[in-house]
Each structure stands twice: as structure tokens, then as C-alpha cells.
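Worksheet: one structure, shown below.
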Amino acid sequence: MKDTKDKIPDAKELEKELNEYIQKKYGGHIRLALPTIFPKLDSDFPDSKKMNEEENIDIRFDMKPEELEAYLDEYIVKQKEAKEILATKICTHFNKIKLLRDTKTLDSYGAVGNIKNNIIMIGPTGVGKTYLIKLIAQKIGVPFVKGDATKFSETGYVGGDVEDLVRDLVAEANGNIGLAQYGIIYIDEIDKIASTDGLIGPDVSRTGVQRALLKPLEETEVDLKVPHDIMSQLEALDEFRKTGKRKKKTVNTRNILFIVSGAFNGLEEIIMKRLNKQGIGFGADIKSKENKERFLSFVNSEDFMSFGFESEFIGRLPVLAIYERLGIEDLYHILKNPNGSVISNKKKDFKSYDIDVQFEDDALSIIAEKAFKEGTGARGLVSAVEKVLLKFEKKLPSTDIKKFIVTKSIVENPENELNKLISNPQNEELLNLFESLLNKEKLVIKESIKKRKEDIQKKYNFKLTENRLDMIINFAIERIVDTNTILDDLSVIITRVKEFEEWFFNKFNFKISFTDDAVDRIAIESFRFNLDAYEMSVDIMKNYEHGLKLIKEKIGDGKIIITEEAVNDPEGYLDRLIKESYSD
């Protein structure tokens, strides 16, 4: 084997070659200047597998399928079967990885015998396929990328490379290769790469892509450096200049979960034809979409191959999830869902102008009807809302109106209602209706949280008091975020206060304990002004050291309770404690 030095040009040659390339691509006005001295090169590449193991992270995944399914139920309307399948198989995928890591068999448990829970999803547009997978990835805490199957071609041809998705995972993981190797890759419109009958010549965008996906779906090493990517080459050169080492970075796809989806129009006819041939007795003259879609539950590998997929490709997607078409009532419930994104995003649009918005139920019902007519599922909701509210979003920021209600009349006749609102902005009836709708929204959120009270207290390990419940609801509405986000933030705040209690004991050998009311007061200030609860605790107790010494002389090794009064008036509370301890 030749020494690596023979393969690397000197500084002048590198500068010349790179400048020739850059000038051809960008013109003669750009020039690259490289340092004239390069550090000594190591004799060979480091072991890429060893390097990747060093960058690996520990997956601390212990979620159960029912827990993940319950989480999805908070956000996704309908799709009971799909949520059940995805929650179960994705939890199993990550718990199996955890098991193999804990038993130190992950590295030896390679491609042979390893069956990944890669998933194929079937369903019309706008039923929540992408949203559901994003929610899962976010909940688990792994990177997620989405690609469109129609934009990829077989390696070696002009067009996107399927391995680019793996590289994108690393970018989503902020360069953390270890985390990227546990990510989720979602490929939409997979039905568009089914082979075409009667095609002459190489099918680079269909069968070719299927074949290119075979190895990543199972296990392969993907090189992060792309030969034709000048930026990756420059990064490699800069790293070599700094360290004197050429590192070959690769990503192993063994534990990357692949999920593909498509509408699969025409698959129903293939299934019906097969079932009729088998003499099962299904009627052949079924024309409505809804009736045809019922046959999708009978799909098998033979049907997918008749549709145009290679058997090896379908064999690497063992899990099937079928989505239901959304009706008007489903679209209405999506709009009503307090955790839904359509209405919350529109509220944020107006909130950016300091305008609060409430929606009447009748208005949401009509919007759902309009969206259903578009035939694009939940996607139609966004455009339906925009059509109704665009003129209000343009005009109201220039007025003094700070509370706005989307009524049935506004949905039916936006322009007329806008003129009426501008002419009478302080309509007392509308303002009272706004407060009524706001209170109703709070009540709905409160009931939703109470149903999960036991699970929430168990998960976060804190009491869900009435005051705390009101605080969560108020900040969820004020910030226009779902309650889970506020619960997560509150959990961090409580943990930070406990960390301070521990630090204080280690520092002064004296126990202090913040009451729930005191913690809630800290939490309110933390939410309101984006302050760190630990630093707030430090500020509250910063003048207590001398006073506590006096108190300790009287009470010995007892414990000081820090109440809400202490948070509001630290000095006054300390003075009272000292006086009380010496008056006893």
C-alpha cells in the first residue's frame, strides 16, 4: 500500500486546483488563499467505525406503546388504527435498540437476522401522515428528515441521491453522527417510484430508486463527504490543515427507521381483482372512493408487486399502516382541538400584532365545510382560514382593536363584517362574547388536563394543584402553545429549584425547602420574563447567609420553609424569621 503522502498534493498544487475549479464555477473575481504550511499527515485513515462509536450517544428510551398512542391522541384526529400501529412498532424499534445496547449485543447484532420495523403508510393527502411522524420524532427526541421520492434518482445519474437523506439527518442532529444514527427518515410519494409497464431502457427514477433504497433500508455505511460537493471537500481540507488527519466520516443506517408513504391510487382495483379471482365473492362494480378504500386492508405483497414494486423493496417494509379519509366532522374536530396547529398558528399571526382572537363553533363548522369541498383533507383547512381572515389580518393591525372574534357572519361575508367591525370597534356585545369564549376555552383545556391528571403527576413527579393548573392554562393560552409544552417547562423550573435547595444545603449545611406556592410564584416570574429558576432562587436567598446563622443557633439542625411571602419580600421574611426564632 502506498504511503498516504503520495496521494496528497502540496499546498501550491491544492491552491491552484481549487482556484481553477472556483473560477470556472463562480468567475475570476473569487479566489481562495490557503496557508502555505500544512501539518504532517497521518499515514492512514482512522477507523471510521471506531470514530462513529465514540460519537454514539446513549438512547434513554423507555416509552410504552400505550403512552405514545395517548400522546398522539391529543394531537391527531381519527386514524385510530394507524396511531396504534405506529405507536407500537416505533416504541418496539427504539426499546429493542435500548435492550441490545444494554446487553452489549448491538454491535454484533448486524444486518443478518436484524429485521427493522420500517413502515409503509397508505392514505390520501391531508390526513396527517407527515404531522404524525413529526410528532413522534419530536416526542422521542431523535432527528427527523422528510424527502420526496419523485426527486431522487438512482446513484450515478443526474438528480438527488437517496443517501442525501441520511446526510440530512446528520445536519438535523447538528453534526452529531451518533444521534443521527437513531433518526427517522420519512419518504413521501413512494407510490410514484413504482415501475412503469412497457418502459424501454434504464428506469432511473423508479425501479432504480427502489434498488438504491435497498441497502439504506437494511444496513449500509453512508459516507458524509460527497465527491462532487465542493463545500464538503473544503471542510475536509480545513480539518486536515488544522489536525493533519484525514477523517472518513460515515453514518450506519442499521438503526435508522425508514417510513414511506403514498396515496397508491389504483391499488384498490388490484386488490379487488385478486380477491375476485380467488372466489371470495366481493362485488366488482364498486365505484365510490370510500368503498374502494375498504379493500386496502386486504393488501399483501403480491398486490404491491403488481402495482410496480420490487419484492426485495417491499420485503424491507414489513409494517403497514392505512389512514382513513377525513370527513367534514373530522375537519371540524381538528379545528376545535386545543392542541391543533391550524387555529393556533392563525392566533399567532394576529398575536404578532398584539391582537387576541377567539373562534365561534359555528364559524369553525362552516370553515370545515369549505375545506372539505377542496378535497385536500386537513391541508384545505389552512387555505380556508386564510381566505376568510386575510383582509382582517391586513386591516386590524392599523386599528386599536385588540380583541377579535371570528363569527359565523365573518366566515359567510368577510368584507361586510370587516366594515361593521371597523365602524364599531368597541362593540360591547362582541367584547362580552370574547370573554365568554375565552373562559370556555380555558374550561375545555382544564377538563382535558384533569382527565390525564394521574399520568401527568406520575410523569413529572409534582402535584397538579388547582393554582398550578390555572397557571398552566393561562400561559398555554397566552403563549399559544399546547399544554404539554408548558408542563415540560414547569418541570424544568421545579427541578432547577430543587437543584438550588441541594446546593444550598451542601454550601451552608442547612436545609431549606420551597413550598408549592413559592415555586409557583417563581414559575410565574420565570415564564413571564424568561428567567432561570435557579438564578431566581439565588437572588431570593443571597442575603440569607448571616441571618440563617443566627436562626440556626436557635433551631439547631432544623429546616427553613421558604414560602411565597419569602419570594415576594425576601428581606422582610428573613427579618420576621429572626425575630420569631429569638422570641421563642
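Taking all atoms of both residues into account, the shortest heavy-atom contact from Asn255 to His93 is O-NE2, 3.1 Å. Annotation for Thr515 and Thr563: closest pair OG1-CA, 3.7 Å, computed over non-hydrogen atoms. The two residues Ala363 and Val411 make their nearest non-hydrogen contact at CB-CG2, 3.7 Å. Shown here for Pro570 and Val567, the closest heavy-atom pair between the two residues is CD-O, 3.9 Å. Counting all heavy atoms, side chain and backbone alike, Ile401 lies closest to Pro425 at CG1-CB, 3.6 Å. The nearest pair of heavy atoms linking Gly123 to Lys129 is O-NZ, 3.1 Å.
Annotation for Glu454: atom CD does not count as buried by contact number, only 12 or fewer foreign heavy atoms lying within 6.0 Å. Within 6.0 Å of NZ on Lys347 lie more than 12 heavy atoms contributed by other residues, nucleotides or ligands. For CD of Glu66, the number of neighbouring non-hydrogen atoms (other residues, nucleotides, ligands) closer than 6.0 Å is 12 at most. Under a cut-off of 6.0 angstrom, the local environment of NZ in Lys139 is crowded, with over 12 non-hydrogen atoms contributed by other residues, nucleotides or ligands. Heavy-atom contacts from other residues, nucleotides or ligands closer than 6.0 Å to CD of Glu502 number 12 or fewer. Other residues, nucleotides and ligands contribute at most 12 non-hydrogen atoms within 6.0 Å of the CG atom of Asp400. Atom CG of Asp569 has more than 12 heavy atoms from other residues, nucleotides or ligands within 6.0 Å. Heavy atoms of other residues, nucleotides or ligands lying less than 6.0 angstrom from NZ of Lys420 number 12 at most.
Within the 4.5 Å cutoff, no side-chain heavy atoms of Phe258 are placed close to those of Ile184. The closest side-chain heavy-atom distance from Leu331 to Ile328 is not below 4.5 Å. Side chains of Ile119 and Val260 form no contact here, defined as non-hydrogen atoms less than 4.5 Å apart. Contact of the Glu441 side chain with the Leu437 side chain is not registered, since no non-hydrogen atoms from C-beta on lie closer than 4.5 Å. At least one side-chain heavy atom of Val385 sits under 4.5 Å from a side-chain heavy atom of Val342. Taking the side chain as every heavy atom from C-beta outward, Phe527 and Ile486 approach each other to under 4.5 Å. Within the 4.5 Å cutoff, no side-chain heavy atoms of Phe404 are placed close to those of Phe434. Taking 4.5 Å as the limit, some side-chain heavy atom of Ser526 sits within range of a side-chain heavy atom of Met536.
Side-chain contact, Asp148 with Thr150: a donor N or O sits under 3.5 Å from an acceptor N or O. The closest side-chain donor-acceptor pair between Asp455 and Tyr460, if any, does not fall under 3.5 angstrom. Judged by distance alone, the side chains of Asp482 and Thr485 do bring a donor and an acceptor atom under 3.5 Å apart. No donor-acceptor contact under 3.5 angstrom links the side chains of Ser537 and Arg496, judged on distance only.
Using a cut-off of 4.0 Å between Lys/Arg side-chain N and Asp/Glu carboxylate O, Glu74 and Arg452 are scored as salt-bridged. Looking at Lys151 and Glu189, no side-chain N of the basic residue comes within less than 4.0 Å of a carboxylate O on the acidic one, giving no salt bridge. The pair Lys346-Glu386 meets the salt-bridge criterion, with a side-chain N (NZ, NE, NH1 or NH2) lying under 4.0 Å from an Asp/Glu carboxylate O. Electrostatic pairing of Asp62 and Lys98 does not count as a salt bridge here, judged by no charged N lying under 4.0 Å from a carboxylate O. The pair Lys403-Glu435 meets the salt-bridge criterion, with a side-chain N (NZ, NE, NH1 or NH2) lying under 4.0 Å from an Asp/Glu carboxylate O. The pair Glu374-Lys387 counts as a salt bridge, with a side-chain nitrogen and a carboxylate oxygen less than 4.0 angstrom apart. One finds no salt bridge joining Glu417 and Lys408 here, because no Lys/Arg side-chain nitrogen approaches an Asp/Glu carboxylate oxygen to under 4.0 Å. Using a cutoff of 4.0 Å between basic side-chain nitrogens and carboxylate oxygens, Arg468 and Asp520 are scored as salt-bridged. With respect to the salt-bridge test (charged N to carboxylate O, under 4.0 angstrom), the residues Arg167 and Glu163 qualify.
Not a single donor-acceptor pair under 3.5 Å links the side chain of Glu565 to the backbone N or O of Tyr573. With Asn432 contributing its side chain and Glu428 its backbone, the two residues share a donor-acceptor pair below 3.5 Å.
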_Candidate pair Lys446 and Asp470, rule salt bridge (charged side-chain N to carboxylate O under 4.0 Å, His left out), full reasoning_ = CA-CA 8 Å; Lys446 180 176 268 190; Asp470 289 338; 3.2 Å; yes

*asked:* What verdict does the salt bridge (charged side-chain N to carboxylate O under 4.0 Å, His left out) test give for Asp356 and Lys402, after you've listed the backbone C-alpha separation in whole Å, the side-chain angles of each residue and the deciding distance to 0.1 Å?
replied: CA-CA 6 Å; Asp356 293 319; Lys402 297 303 176 186; over 6 Å; no

_Residues Leu224, Val170; criterion side chain to side chain contact (heavy atoms under 4.5 Å, CB included); working and verdict_ = CA-CA 9 Å; Leu224 285 184; Val170 179; 3.6 Å; yes

*Residues Ile343, Leu364; criterion side chain to side chain contact (heavy atoms under 4.5 Å, CB included); working and verdict*: CA-CA 9 Å; Ile343 295 301; Leu364 296 179; 3.8 Å; yes

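For the side-chain contact (heavy atoms from CB on, under 4.5 Å) with Ile90, the lone residue among Asn117, Ile140, Val142 that qualifies is Ile140.
Under the 6.0 Å cut-off for aromatic ring centres, Tyr182 and Phe94 do not qualify, their centroids lying 6.0 Å or more apart.
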